[in-house]
Amino acid sequence: MVVPHTHWDREWYLPFQRFRAGLVRVLDEVLDAMAADPAYRFTMDGQLAAIEDYLEIRPARRGDVARFVAEGRLAVGPWLILADEFLCSGETLLRNLEYGMRGAAALGGAMPVGYLPDQFGHCAQMPQMLALAGLRLACLWRGVPAHVDRDAFDWTGADGTTIRTRYLPGGYGNAFGLFTGPAEGMPGRVTAFVSTAEGWAAGDTLLAMYGADHSAPAREITASGLRVATLAEALTADRVEGEVPQVAGELRSHARACILPGVVSARVPLKQAMARAERILTRYAEPLSALWLADRSAGERLIDMAWRSVIACSGHDSITGCGSDETAQQVAARIAEAGQTAQAVVDLVAASLAEAAPKGALVVVNPSPFERTGLVLADLPEDRASLADASGRAVPVQRLEHAPTLLDETVMDDLSRLLGRVHERELYGQEIASWHAGDGVFTVTVSRHASGAYSYEDLRRAVLDAGPGPWVVRTVAEPVVTVAALVTVPPLGRAVLTPRPPAPGRPAPVANALLTDPYGFEPVLDNGLLRVRVAGDGTLSLRGADGVEVHGVGRIVHGGDIGDTYNHAPPPDDRLLDRPSQVIVEEICAGPLTSAYEITRVYDWPAGLEGDGDGDETVPTAVTTLVELRAGEPFARCEITMDVRCRDHRVRWHAPLPRAAAESYAEGQFAVVRRGLTAEGGGENGGRERPIPTFPAESFAAAGGLAALLDHVTEYEIVRDEISGDGTEMALTLVRSVGYLSRNHNPYRDEPAGPEVPTPAAQCRGPLTVRFAVLPYAGEWHEAGLPRLAEEFRHDLPGIPGTGAAKAGDVNGDMDGDLDVNGDGPDGGGRLAISGEGVMMTALRERDGRLEVRLVAEHPTATEAVIRGDFTAAWTAGVPGSPLSPLEVSHDELFGDKLFGDAPFPGDGADGRGPAESTGAAGSPSDPSDPSDPGAPDSPGAAGCTGSPRSWRTVRVPLTPFEIATVHLGRA
């Protein structure tokens, strides 16, 4: 059965708009052919974006497109775009499906096949994601393991979901040659195709994919006598009986096709920007607007715009970095715009929360569905450099640095020039607090949050009354000190802190504080959970509270790379350089809440590869590692900065493993994947691509008792001992610099992966900063709680300065600690709390008047998600958003409305601000189900709650390992 189609790279070796010009030509031909021939069929590559791109240029043809889709002759969707499955989050993949299926439905319906023709491997949870969208059939090419010897197999995801999958031997253009050459040669070409395809056939139909990149099939295919169908028609008509091969988990085998693993480390700054944009959108903009914004109309539109940009950037020739420099520049700009758009929504929420808190206060927001205790930086007046929570308890703080007080000193003959610097009350980014003239000096005092009355006219009159100059004009700031505060914030809630004069006496107690030794001579960080010592060569020694110890962590290794954006390849005589010529260690800060050292190592690295003219030249490169340990954290935060000045090289961070490893575990796309130490090759792919054991990880990678918590999708490898074969080291790729999109002669790939286009920007020259954290652990990854630790490392607690009016009776904004923000209680709890062993929240948003929560069980055994909040009904839902089945909601947890507020769910017509949850002292969680908790309903601490009682209900969702659950919460 012949399936006419095209594979359309939205952007690749040409940027988007230049490729779109060709798209218009191709689809003009296709639609004309369909209008002229009712037998003509066409499959649009599984992605809707190409159709939308076309209709932007040809809006008059929307009716033709909708008609052909409704007739079942034009297959569109189900994806919005063909994304790389490893370089975006699982949530982005699900939204990709959601947008694609919704857009295709508006044109007549989405193709009911999870078509994945050209992605560079497939993630372990793709079967479950497709099933959640109602798709029980997949079709793909790359990554299929060698034991698959049929063109159909059953693919089981990490959670156990199994879908029937059609494999495309020879790729998505396996029948492209059928219609090339003279017509009289057609029978011979058909015979040759059948003889090749029959050996793979698991059913009665041979799938002939007639199409190629960026081209339209010939019109005369319907006159060939062969059956012509869309992909959906072909697959649903072919009933495969009997047993087929079984495949479980991710598809990253090199055996059947190239999977081009080097794209994970190509153009690292793109990967960093993508992770930031996704994080702002999914974990700040969407949930905070759903919980805290009264008017979400603008935010909803901005969020939609941000999602469309993020999804567009997830394309398999976009975020991968394997396009031209022009394409990469456009992708970077689009990612930046997506992040800025999402940040605009966060700004709206921040403004709303800031207005509800007095000027001078600090509102700290928790993006996690469980109570968090973490560090927040704040600039406080010198005379009020302490903080108190809403109950008046002291918050632990550590002074870090003082801001300069003299901002400017200028001599002016005409003092009126000063007025040109003033914008209403703003001067040098701060607010004018007062001014004074005398002895030829005009002094203006500014403050970050000035209090008291101010009139621009009064300032203007003072300037005019001062008389002729010359005047020395001084702008001074009120003394300000930057502090780190250790703040406890309720689940999805916020804490309001107020500045206070430092009080005499003992400081607030801190659990697992940094130990300080004023007489110590070694650079050591120790908080009782982790001890970090800086060695003379700049590496780290780590020892956990459980006794696991490792030395030599953080060795920087430089090697050559004669590959391209698709595949790393070392030169034949590669020299691995790891010894610095100079090491400098400097203490940055020390205190009970945070301590840090800056380690600068200078290396002499080759400017380029030998034989290119620069091979003998060396470039001194300073690699700076800021290692920080915080109170209560069992991991060391590392920030590595360098100025990349070399070409054609790879720089990796190495750490020995505490114990030998035969496998690694990596989190990403709703799963924690177990991987061996090698990559599968062989099969009919033979030596076309050398299999290398470098793999992607999204939030953490772990092996042999060592874990790295990651800021963005990162390439890692567990390096094996050549004699024993055991894994002995973890290597993270910091940067990989190459100069070609694809090399015709890549030692690690037999054939070109694209045109040999120079990509000088892919050398990634210039400043580069990479963030991650590292920790040793005993036992297994889940016993160490790595998913939750990664959640805390990746998601900061934002601090928002208050801008509202001070309460009556307060002096200079000095609040008395009983602030009732938004009228929902002093503790500022959110409207939801989620718990459960290994249960992680990946999204929270408003959808059709309900709250939608996405959860995943990142745990190797069955678990249960417990959702508590202000709702009365709950349902499970699929990707399209329609409810699937109701969930039982308990009604046994009652609280006064003074404590939890009366905020309705989105769509109820009220302000949408959340109820508060009781929280104990800093660092102690408050569980509503625990009667011993001072915030529990039957405890003495709850006796002061006023108002009629209302229910904070509970729903329990049983989860199998790695199951994704979408839950809608609302009013019955």
Residue list, side-chain hydrogen bond (donor to acceptor under 3.5 Å, both in side chains) with Tyr115, at least two apart or on another chain: none

What pairs of residues pass the side-chain hydrogen bond (donor to acceptor under 3.5 Å, both in side chains) test when at least one of them lies in [range], not counting sequence neighbours?
{"range": "residues 71-91", "result": "Glu71-Arg73, Glu85-His122, Ser89-Thr92, Ser89-Glu278, Glu91-Arg95, Glu91-Thr842, Glu91-Arg854"}
{"range": "residues 168-187", "result": "Tyr172-Asp213"}
{"range": "residues 32-46", "result": "His7-Asp45, Asp32-Arg61, Asp37-Thr222, Arg41-Glu233, Asp45-Gln47"}

Side chains of [X] and [Y]: do they bring a donor and an acceptor to under 3.5 Å?
{"X": "Thr694", "Y": "Tyr716", "answer": "no"}
{"X": "Gln128", "Y": "Thr161", "answer": "no"}
{"X": "His316", "Y": "Asp9", "answer": "yes"}
{"X": "Thr861", "Y": "His859", "answer": "yes"}
{"X": "Asp564", "Y": "Asn746", "answer": "yes"}

Given the rule in the side chain to side chain contact (heavy atoms under 4.5 Å, CB included) test, do Tyr54 and Val24 qualify, once you have shown the distances and angles that lead to the verdict? CA-CA 6 Å; Tyr54 172 78; Val24 172; 4.3 Å; yes

Can you list everything that forms a ring-ring contact (aromatic ring centres under 6.0 Å, His included) with [X]? Sequence neighbours excluded, please.
{"X": "Tyr167", "answer": "Trp200"}
{"X": "Phe153", "answer": "none"}
{"X": "Trp8", "answer": "His214"}
{"X": "Tyr13", "answer": "Phe19"}

Quick one: which residue pairs count as a ring-ring contact (aromatic ring centres under 6.0 Å, His included) with a foot in residues 218-243, not counting sequence neighbours?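 Passing the test, one end in residues 218-243: no pairs.
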
Using the salt bridge (Lys or Arg N to Asp or Glu O under 4.0 Å) criterion, which residues pair with Glu751? Sequence neighbours excluded. Arg688

How would you list, by chain and number, every residue that makes a salt bridge (Lys or Arg N to Asp or Glu O under 4.0 Å) with Glu663, sequence neighbours excluded? Arg674

What distance do Leu94 atom CG and Leu130 atom CG have between them, rounded to the nearest 0.5 Å?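 Output value for this atom pair is 9.5 Å.
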
Keeping to residues at least two apart or across chains, list the salt bridge (charged side-chain N to carboxylate O under 4.0 Å, His left out) pairs with something in residues 106-131. Asp118-Arg142

